Amino acid sequence: MSGLEIKAVEPGSAAFAAGLAAGDRITAVGGRPVRDIIDYYFYLAVAEPELTVRRGEREFSVRLAAEAGRPGLSFVSPFGRIRRCTNRCLFCFVDQQPPGLRPSLCFKDDDYRLSFWEGNFVTLTNCTRRDLKRIVAQRLSPLYVSVHTTNPELRARLMGNPRAAEIKTQLAALAAGGITLHTQVVLCPGLNDGAELERTVRDLASLFPAVRSVAVVPVGLTAHRAGLYPLRPVTPAAAAALIEDVTAWQREFRRRYGSRLVFAADEFYLLAGKAVPATKEYEGFPQLENGVGLVRRFRDAWKRVAQRLPETTTPCRAVLVTGTLAAPVLRPVVARLNAVAGLEVTLLPVVNRFFGTSVTVAGLLTGRDICAALAALFREGLRPELVVVPAAALRDGRLFLDDTTCAAVAEQFGCRVVAAAGPRELVAALGVKLTRRSFRKE
């Protein structure tokens, strides 16, 4: 059925004043059919705020009072059916997951609407010309596009889809329509690196300023690749070489465009043992959610917090959980915390057995791997009263990827389990009250 079914109406809102109720279905705004929530908001902005509503078998119209403020509606299914990915990428992470995960983790979405609405990366392989026209007409900008390569034949091969070869034409059409694009390249050694990567970066740079950023991220490989294409991981030497290339491109593009444009994911720097760039070199962190600049943002935030740590605090024995990749970043943090009288913090880098030891990021840790690592600490005699886990490893603030809950971990070990997303959340979890200013030199 077309239209949007109302889930709830906010009391006191314009929709409430108009008499709308849960279960009503909005089929048009200003006489224009509504396909999804994007149509709804777009037509509210450009048309008269008159809604065509179906209630049971009856259809009627209501006009929203502009002076009543925002409409105040939420919907049962804001986007209707989400578009599935039709690719068979050689490097797809979903294909490398162990069996038994909940269905939502195995669903491959590739929906340009979610790229605009939530910042999801999409490939555009299932976009028609009509879709591209809608993107331009409704100004669905910015979009986040997984490019991987601009070589048509190579892209079709990498993504297992002949339509993938159309990427340059699609990007050019969106750029001509004034759409801002943030792009990514998943680097697969031996396939789209070297000269192919340079070609891709330069092709994308030619579309500046429509293309605002190009993120290069390393391919993620799990232990569950039986029957899949034999991909190679990025080595420390390859990571160091990639950083040199990115640095050279940044210098060139900054002279030419006034922007560095291309950025390497944090994992390359950590893998190569090199310092991450300064804050200004990330130019506003356009791809933070893609792992580009997270370490720098964390260190900047930690520096501000560390300057306000007290000399002493309420006693607390805690374990700080992280992935093996971020352990070097957190070691000096833990050392500084332990300089505060009353704190006893142990860093626990957890090896990922669920996905495989080559998966080192904290966001993919599971509850069972964390429990195994904690059990080893308990056998050594450590008895923490608090376990701090990375917020990125949780869904809805409580559920790990393997469906283990924080509550289950807390019950098993008889301690509190709290998630922290950054330095402020970490010290708050430890019960530390920050001072107004620093009383010691860092």
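Being a predicted model, the structure only gives us computed values, none of them experimental.
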- Task: Evaluate the ring pair (Phe, Tyr, Trp, His ring centres under 6.0 Å) criterion for residues Tyr40 and Phe75: first the C-alpha distance (whole Å), next the side-chain angles of each, then the deciding distance (0.1 Å), finally the verdict.
- Result: CA-CA 11 Å; Tyr40 168 72; Phe75 301 102; 5.0 Å; yes
- Query: Step by step, would you call Arg308 with Lys433 a side chain to side chain contact (heavy atoms under 4.5 Å, CB included)?
  - Reply: CA-CA 9 Å; Arg308 297 176 56 198; Lys433 294 183 179 180; over 6 Å; no
- Assess whether side chain to side chain contact (heavy atoms under 4.5 Å, CB included) is satisfied between Val418 and Val387, documenting all intermediate values. CA-CA 6 Å; Val418 177; Val387 173; over 6 Å; no
- Task: Please test Arg83 against Asp110 for salt bridge (Lys or Arg N to Asp or Glu O under 4.0 Å), starting from the C-alpha separation and ending with a verdict.
- Result: CA-CA 6 Å; Arg83 294 192 182 188; Asp110 196 15; over 6 Å; no
- Task: May I have the step-by-step check of side chain to side chain contact (heavy atoms under 4.5 Å, CB included) for Arg299 and Val276, ending in yes or no?
- Result: CA-CA 10 Å; Arg299 284 178 170 164; Val276 297; 3.8 Å; yes
- Query: Are Leu221 and Phe91 close enough, and set up right, to give a side chain to side chain contact (heavy atoms under 4.5 Å, CB included), and what steps lead you there?
  - Reply: CA-CA 8 Å; Leu221 303 178; Phe91 50 85; 5.8 Å; no
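Using a distance-only test at 3.5 Å, with no hydrogens or angles considered, a donor-acceptor pair links the side chain of Ser115 to the main chain of Asn120. Of the possible donor and acceptor atoms, one in the side chain of Asp36 sits under 3.5 Å from a partner among the backbone N and O of Asp39. Remark: side-chain polar atoms of Asn192 are not paired, donor with acceptor, to backbone N or O of Leu197 under 3.5 angstrom. At distances below 3.5 Å, at least one donor-acceptor pair connects side-chain atoms of Thr183 with backbone N or O atoms of Ser213. Not one N or O on the side chain of Thr405 forms a donor-acceptor pair closer than 3.5 Å with the backbone of Leu399. For the pair Asp111 (side chain) and Ile82 (backbone), a donor-acceptor distance under 3.5 Å is absent. A donor-acceptor distance shorter than 3.5 angstrom exists from the side chain of Gln170 to the backbone of Leu124, with no hydrogens or angles considered. A donor-acceptor pair is defined here as one N or O able to donate and one able to accept, closer than 3.5 Å; such a pair exists between the side chain of His148 and the backbone of Val186. Side-chain atoms of Asp193 come within 3.5 Å of backbone N or O of Gly190 as a donor-acceptor pair.
At least one cation-pi condition fails for Arg395 and Phe400: the charged atom is not both under 6.0 angstrom from the six-membered ring centre and inside a 45 degree cone around its axis.
Look at Glu283 and Arg260 and you find a salt bridge, because one of the NZ, NE, NH1 or NH2 atoms lies within 4.0 Å of a carboxylate O, short of that distance. Under the 4.0 Å criterion applied to side-chain N and carboxylate O atoms, Asp109 and Arg84 are not assigned as salt-bridge partners. In this structure, Arg398 does not pair ionically with Asp396, as no charged nitrogen and carboxylate oxygen lie closer than 4.0 Å. Checked for salt-bridge contact, Asp300 and Arg296 meet the test: a charged N lies under 4.0 Å from a carboxylate O.
Side-chain contact between Arg424 and Leu434 is present, with at least one heavy-atom pair separated by less than 4.5 Å. Between Leu364 and Asn352, some side-chain heavy-atom pair lies under the 4.5 Å cut-off. At a threshold of 4.5 Å between non-hydrogen side-chain atoms, the residues Thr123 and Arg155 count as touching. You'll find the side chain of Leu114 stays beyond 4.5 Å of the side chain of Val122, heavy atoms only. Residues Pro277 and Phe263 are not in side-chain contact: their nearest non-hydrogen atoms beyond the backbone lie 4.5 Å or more apart. In this structure the side chain of Val145 reaches within 4.5 angstrom of the side chain of Leu171, judged on heavy atoms. Under the 4.5 Å side-chain criterion, counting only non-hydrogen atoms from C-beta, Val388 is not in contact with Val319.
Take Glu153 and apply the side-chain contact (heavy atoms from CB on, under 4.5 Å) test, not counting sequence neighbours, and it matches Asn151. Residues passing the ring-ring contact (aromatic ring centres under 6.0 Å, His included) test with Tyr257, sequence neighbours excluded: Phe208, Phe253. Among residues two or more places apart in sequence or in another chain, the side chain to side chain donor-acceptor pair (under 3.5 Å) test is passed with Thr180 by none. With sequence neighbours left out, the ring-ring contact (aromatic ring centres under 6.0 Å, His included) criterion links Tyr269 to no other residue. For Tyr41, there are no ring-ring contact (aromatic ring centres under 6.0 Å, His included) partners, not counting sequence neighbours. By the side chain to side chain donor-acceptor pair (under 3.5 Å) test, Glu425 is found to be paired with no residue, residues two or more places apart in sequence or in another chain being considered. A search for side chain to side chain donor-acceptor pair (under 3.5 Å) contacts involving Thr366 returns Asp369, not counting sequence neighbours. Under the rule for a side-chain contact (heavy atoms from CB on, under 4.5 Å), Arg81 has no partner lying at least two apart in sequence or in another chain. Ala173 meets the side-chain contact (heavy atoms from CB on, under 4.5 Å) test with no other residue; sequence neighbours excluded. In this view, Leu228 and Asp95, Gln96, Arg225 satisfy the side-chain contact (heavy atoms from CB on, under 4.5 Å) rule, not counting sequence neighbours. Applying the side chain to side chain donor-acceptor pair (under 3.5 Å) test to Thr128 and every residue at least two apart in sequence or in another chain returns Asp131.
From Arg199, atom CZ reaches atom CG of Leu204 across 11.5 Å, with rounding to the nearest 0.5 Å. The NZ atom of Lys168 sits 9.5 Å away from atom OG1 of Thr149, with the distance rounded to the nearest 0.5 Å. Note that CD of Glu344 and CD of Glu385 are 9.0 Å apart. Values are rounded to the nearest 0.5 Å. Atom CD1 in Ile135 sits 7.0 Å away from atom CD1 in Ile179 (nearest 0.5 Å). For the atom pair Arg383 CZ and Arg317 CZ, the distance stands at 9.5 Å (nearest 0.5 Å). The OG1 atom of Thr150 lies 8.0 Å from the CD atom of Glu196; values are rounded to the nearest 0.5 Å.
Taking the six-membered ring for Trp and the full ring otherwise, Phe121 and His182 have centroids separated by 6.0 Å or more.
The closest side-chain donor-acceptor pair between Tyr112 and Arg134 falls under 3.5 angstrom. Side chains of Thr125 and Asn87: a donor-acceptor N/O pair is present below 3.5 angstrom, by distance only. Judged purely by distance below 3.5 Å, without hydrogens or angles, the side chains of Arg254 and Gln250 never pair a donor atom with an acceptor atom.
The local environment of CD in Glu289 is sparse, with at most 12 non-hydrogen atoms from other residues, nucleotides or ligands closer than 6.0 Å. The number of heavy-atom neighbours closer than 6.0 Å to NZ of Lys108, taken from other residues, nucleotides and ligands shown, is above 12.
The salt bridge (charged side-chain N to carboxylate O under 4.0 Å, His left out) contacts involving residues 156-167 comprise Arg163-Glu166, where partners must be two or more places apart or lie in separate chains.
Ring-plane geometry between Phe378 and Phe413 is classed as tilted, the angle between the planes lying from 30 to 60 degrees on a 0 to 90 degree scale.
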